[in-house]
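Only heavy atoms go into these numbers, but all of them, side chains included; no hydrogens, no water, no symmetry mates.
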Amino acid sequence: MAEKTKLWYLQGINLFQGMDEKSMMAMNSNSRMISNKKKEIIYFPEETSNTIYILKEGKIKISRLAEDGRETTLDLLGPGQIFGESALLGQETHSNTAVVVEDAVICAMNKDMFREIMDMSPQLNLSISKFIGFRLKRIEAHIEDLVFKNAEERVVAFLKRYANNFGKELADRIIVRPFLTHQEIAELTATARQTVNTVLNQLATDGIIDYSRRFFAIIDKSWLPKS
């Protein structure tokens, strides 16, 4: 991928807004852009944690596998978010799995170089600290859903977060393109595919949402919590 294109990608990420030119150029020259197809694994648990990943396009699922083999989804990431940040927290290996949910373009950088650039840029240091704090709160909210909400409530909570995190606001609706499959939503919410189908159909019948394989839309914006 051309250097100009890579720099364009980096400059479009909100986390890097306000960085000085020297820091931005250091990030550009010391990172690499990679493309990954749906279902590809970025890293497994126990793999060495020495790379920071910045997602520019697509979606990434972060999950954890229990000893009994059950998978728990912790987070669904979209463009502009980082992952593999455990490397910045002193962890030598990954504790989670990162898998591509939607074809992705990723910027990858060695953790030591990323730390050096953070030291060069107080703005980036602050942005990363805020981002990690926000990520932890979001994971906590998701875990609370799994523990305290029934299957239908988990699907509804997921759809609201999905629209808030990935939606584009239009005059009459909030829309996300493309939409996940019912099976993917079931896996993300620890529910059955039929439950997802039932919830989506009921919300559509009530005039709250509209959806197809190509999009998911919130028609009744009052359904979403105020940010």
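- Between the K61 side chain and the L188 main chain, no donor and acceptor come within less than 3.5 Å of each other.
- At least one donor-acceptor pair closer than 3.5 Å links the side chain of Q81 to the backbone N or O of G78.
- A continuous path of Ile, Leu, Val, Met, Phe, Trp and Tyr side chains, each step under 4.5 Å between heavy atoms, connects V176 with V155, placing both in one hydrophobic cluster.
- Clustering ILVMFWY residues whenever any of their side-chain heavy atoms sit less than 4.5 angstrom apart, transitively, puts I132 in the very cluster that holds F114.
- Ring geometry for Y211 against H182 counts as tilted: the plane angle lies between 30° and 60°, on a 0 to 90° scale.
- Under a 3.5 Å cut-off, the side chain of D206 and the backbone N or O of I208 do not form any donor-acceptor pair.
- Considering only heavy atoms from C-beta on, K221 comes within 4.5 Å of E169 through its side chain.
- Hydrophobic cluster membership for F215: L170, I175 (Ile, Leu, Val, Met, Phe, Trp, Tyr linked by side-chain heavy atoms under 4.5 Å, directly or transitively).
- Hydrophobic clustering of Ile, Leu, Val, Met, Phe, Trp and Tyr side chains at less than 4.5 Å, counting indirect connections, keeps L136 apart from V147.
- Counting heavy atoms from C-beta on, the side chains of L159 and F216 come closer than 4.5 Å.
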Practice prompt. Report the C-alpha separation of N28 and M24 in whole Å, then their side-chain angles, then the decisive distance to 0.1 Å, and conclude whether the side-chain contact (heavy atoms from CB on, under 4.5 Å) test is met.
Written response: CA-CA 6 Å; N28 179 55; M24 179 60 73; 5.7 Å; no
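- Note that CG of N30 and CG of D112 are 11.5 Å apart. Values are rounded to the nearest 0.5 Å.
- Residues V156 and F148 do not share a hydrophobic cluster, defined by chaining ILVMFWY side chains whose heavy atoms lie under 4.5 Å apart.
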Please output the side-chain donor-acceptor pairs of residues 95-109 that fall under 3.5 Å, not counting sequence neighbours, one pair per line with the distance.
residue, atom, partner, partner atom, Å
S95, OG, R64, NH2, 3.3
N96, OD1, R64, NE, 2.8
N96, OD1, R64, NH2, 2.9
E102, OE1, K59, NZ, 3.0
D103, OD1, K38, N, 2.8

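- The shortest distance between side-chain heavy atoms of L77 and I82 does not fall below 4.5 Å.
- Across all their heavy atoms, R154 and A190 have their closest contact at NH2-O, 2.8 Å.
- Between W223 and I174, every side-chain heavy-atom pair lies at or beyond the 4.5 Å cut-off.
- For S29 (side chain) and A26 (main-chain N/O), a donor-acceptor pair under 3.5 Å exists by modelled atom type.
- Closest of all the heavy-atom pairs between S121 and S23 is CB-OG, 3.6 Å.
- H94 and Y43 have parallel rings, their planes meeting at less than 30° on a 0 to 90° scale where 60° marks the start of perpendicular.
- No side-chain donor-acceptor contact under 3.5 Å links H142 to the backbone of D75.
- Taking each heavy atom of P79 and G58 in turn, the nearest pair found is CD-O, 3.4 Å.
- By the 4.5 Å heavy-atom criterion applied to side chains, N197 and Q194 are counted as neighbours.
- I209 and I219 fall into different hydrophobic clusters, where Ile, Leu, Val, Met, Phe, Trp and Tyr residues are linked whenever their side-chain heavy atoms come under 4.5 Å apart, directly or through other members.
- Between N36 and I60 the shortest side-chain heavy-atom distance does not fall below 4.5 Å.
- Residues A87 and R115 come closest through the heavy atom pair O-NH2, 2.6 Å.
- Formation of a donor-acceptor pair under 3.5 Å by the S31 side chain with backbone atoms of M27 is found in this model.
- Taking CE from M33 and CD from E57, the interatomic distance works out to 8.0 Å, rounded to the nearest 0.5 Å.
- In this structure, CD1 on I139 lies 11.0 Å from CZ on F134, to the nearest 0.5 angstrom.
- A 4.5 Å side-chain heavy-atom check between I117 and M19 finds at least one atom pair inside the cut-off.
- Between E85 and R135 a salt bridge is recorded (basic side-chain N to carboxylate O distance below 4.0 Å).
- Of the inter-residue distances, the one linking E184 atom CD with K39 atom NZ reads 7.5 Å to the nearest 0.5 angstrom.
- With rounding to the nearest 0.5 angstrom, the OG1 atom of T189 is 10.0 Å from the CD atom of E152.
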Worksheet item: Step by step, would you call L180 with F166 a side-chain contact (heavy atoms from CB on, under 4.5 Å)?
Response: CA-CA 12 Å; L180 301 169; F166 305 114; over 6 Å; no
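- With rounding to the nearest 0.5 Å, the separation of CD1 in I52 from CG in L88 is 3.5 Å.
- Counting heavy atoms from C-beta on, the side chains of Y162 and I185 never come closer than 4.5 Å.
- Defined by atom type and a distance below 3.5 Å, a donor-acceptor pair is present between the side-chain atoms of E71 and S63.
- Among D220, L224, I218, the one residue that satisfies the side-chain contact (heavy atoms from CB on, under 4.5 Å) test with S222 is D220.
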